[in-house]
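These values consider heavy atoms only, across backbone and side chains, with no hydrogens, waters or symmetry-generated copies. Along the sequence shown, residues are numbered consecutively beginning with 1.
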Amino acid sequence: MTTKKNASLPMSVSSRLVTGRKQLMTAVALTASLALANPAYANYLWLEKDSAGGQSNGRFRVYSGELAKRDVSMPQIDMPKAFPSDEAASLPVTTVGDHLQIDKAPAGGDLRFSAREITGKNTVVFYQARYGRGETEAVNDLELVPTAPGGNTFRLMWKGNAVAASQVNVETSEGWRRVLTPAKDGTVTLGTPFPGLYVLEVTAKVNGSVTIDGKEFTDVRHVATLSFEVAQ
């Protein structure tokens, strides 16, 4: 019996080491596939509640540009999709003036939005927006996620794996701006001294290409935002 136990121990340790190496290699590969170079306050899409519609009816808006200077019209985006944590539960999206309108969002949980835009002959941008900081799991490919429900510390996730952002840009409806530098563990922490809407933004360039309708795009960018309200 003792011999069998001793014989099985190296196999168990070896198995764990192999699993650990595979997980590490996967994380390294995912990190290497992103070039996290955030220009200060680049154009992005973000979600906010429709104050005219009221919170009770589950209506949200999607704006483009920057929080301090919204675009006068939405860009020519493709494949707009609004959804809660369940990606299959898509919500109605309509164009209303300078924004997109999302109706019938569930009362609980956070809301996501995704779309893509072909901005040049060789460039495609994937927009991924999230409203709320109640959930600690990522749904979008690139997403800033709170480490605790309702918390002010966030981790950047790329396809379900944590990666370190080079910087995270912050804008608020009160005109307050900050650039956050990640801690050693890759997280960023944000103080919320003012009431109003906060928008966190990160931009990443993928080291690779995608093919859309038979055309290859080698300049592939992801722009992710997380927005939430701080009460008075």
Side-chain angles (χ1 to χ4, degrees), residues 19-47 62-66 71 73-83 85-91 93 95 100 102 110-131 137-145 154-169 179-182 186-188 199-227:
T19 301
R21 289 193 191 102
K22 287 181 178 178
Q23 291 174 344
L24 177 61
M25 290 173 66
T26 300
V28 169
L30 285 167
T31 303
S33 71
L34 285 177
L36 290 159
N38 295 46
Y41 309 107
N43 283 1
Y44 50 80
L45 302 183
W46 73 94
L47 285 160
V62 181
Y63 286 106
S64 65
E66 299 177 20
D71 289 340
S73 62
M74 290 294 297
Q76 295 296 315
I77 59 175
D78 300 320
M79 302 176 65
K81 182 180 179 182
F83 51 95
S85 298
D86 181 6
E87 291 186 78
S90 58
L91 305 170
V93 179
T95 302
L100 300 179
I102 301 169
D110 298 337
L111 181 66
R112 274 87 172 177
F113 177 83
S114 64
R116 76 182 184 198
E117 180 187 12
I118 297 174
T119 61
K121 292 182 178 180
N122 197 38
T123 304
V124 60
V125 181
F126 292 91
Y127 295 105
Q128 290 148 108
R130 167 178 170 169
Y131 181 91
E137 297 292 330
V139 177
N140 285 323
D141 282 351
L142 188 67
E143 186 169 304
L144 283 162
V145 179
F154 306 91
R155 189 180 301 279
L156 183 63
M157 305 296 291
W158 168 247
K159 295 189 175 181
N161 291 269
V163 294
S166 57
Q167 67 183 56
V168 176
N169 300 317
V179 175
L180 304 181
T181 301
T187 62
V188 293
V199 179
L200 284 66
E201 177 267 332
V202 63
T203 299
K205 183 177 180 181
V206 175
N207 296 323
S209 64
V210 297
T211 300
I212 299 174
D213 297 331
K215 177 177 173 52
E216 183 181 25
F217 294 84
T218 56
D219 187 356
V220 184
R221 301 170 186 268
H222 287 256
V223 181
T225 59
L226 168 65
S227 53

*Given side chains that start at C-beta, do those of Arg130 and Val139 come closer than 4.5 Å, heavy atoms only?*
no
*Under the salt bridge (charged side-chain N to carboxylate O under 4.0 Å, His left out) rule, collect the residues that match up with Arg155, sequence neighbours excluded.*
none
*How close do Ser64 and Ser73 get, heavy atom to heavy atom, and via which atoms?*
OG-O, 3.8 Å
_So, taking the atom named CG in Leu200 and the one named CG in Leu180, what distance separates them when rounded to the nearest 0.5 Å?_
6.0 Å
*Provide the closest heavy-atom pair for Val220 versus Gly208 in the form atom of the first, atom of the second, distance.*
CG2-O, 3.9 Å
*Go through Asp141 and Trp158 one step at a time and tell me if the side-chain contact (heavy atoms from CB on, under 4.5 Å) criterion holds.*
CA-CA 5 Å; Asp141 282 351; Trp158 168 247; 4.1 Å; yes
_Pair Leu100-Ile77, side-chain contact (heavy atoms from CB on, under 4.5 Å): steps then yes or no_ = CA-CA 11 Å; Leu100 300 179; Ile77 59 175; 3.8 Å; yes
*List in chain and number order the residues that pass ring-ring contact (aromatic ring centres under 6.0 Å, His included) with Tyr131, two or more places apart in sequence or in another chain; answer none if no residue qualifies.*
Phe60
*Sequence-distant partners of Thr123, side-chain hydrogen bond (donor to acceptor under 3.5 Å, both in side chains), two or more places apart*: Asp219
*Of all residues at least two apart in sequence or in a different chain, which pass the side chain to side chain contact (heavy atoms under 4.5 Å, CB included) check with Glu216?*
Ser209, Thr211, Thr218
*asked:* So, taking the atom named CZ in Arg221 and the one named OG1 in Thr119, what distance separates them when rounded to the nearest 0.5 Å?
replied: 7.5 Å
*Could you tell me how the ring of Phe126 sits relative to the ring of His222: parallel (under 30°), tilted (30 to 60°) or perpendicular (over 60°)?*
parallel
*Test side-chain hydrogen bond (donor to acceptor under 3.5 Å, both in side chains) applied to Glu137 - qualifying residues, sequence neighbours left out*: none
*Which is it for Ile212 and Arg116 under the side-chain contact (heavy atoms from CB on, under 4.5 Å) test, yes or no, and what are the steps along the way?*
CA-CA 11 Å; Ile212 299 174; Arg116 76 182 184 198; 3.3 Å; yes
*Does Ala224 have any side chain to side chain contact (heavy atoms under 4.5 Å, CB included) partners at least two apart in sequence or in another chain, and if so, which?*
Leu142, Val202
*For side-chain contact (heavy atoms from CB on, under 4.5 Å), just list the numbers for Val168 and Phe154, CA-CA rounded to whole Å, side-chain angles, deciding distance to a tenth of an Å, and then say yes or no.*
CA-CA 10 Å; Val168 176; Phe154 306 91; over 6 Å; no
_Non-neighbouring partners of Asn140 that pass side chain to side chain contact (heavy atoms under 4.5 Å, CB included), sequence neighbours left out_ = Phe83, Arg112, Ser114, Gln128, Glu143
_Does anything in residues 117-129 form a salt bridge (charged side-chain N to carboxylate O under 4.0 Å, His left out)? List the pairs, not counting sequence neighbours._
none
*Quick one: pull up CG in Leu91 and CZ in Phe113 and give me the separation to the nearest 0.5 Å.*
11.0 Å
_Minimum-distance pair of heavy atoms, taken over all atoms of Ala164 and Gly186_ = CB-CA, 4.2 Å
_Shortest non-hydrogen contact from Leu47 toward Ser227_ = O-OG, 2.5 Å
*Of all residues at least two apart in sequence or in a different chain, which pass the ring-ring contact (aromatic ring centres under 6.0 Å, His included) check with Phe217?*
none
_side chain to side chain contact (heavy atoms under 4.5 Å, CB included) against Ala88, all qualifying residues, sequence neighbours excluded_ = Asp86
*Shortest non-hydrogen contact from Val188 toward Pro182*: CG1-CA, 3.6 Å
*Taking all atoms of both residues into account, what is the closest heavy-atom pair of Glu201 and Tyr44, and its distance?*
CG-CD2, 3.7 Å
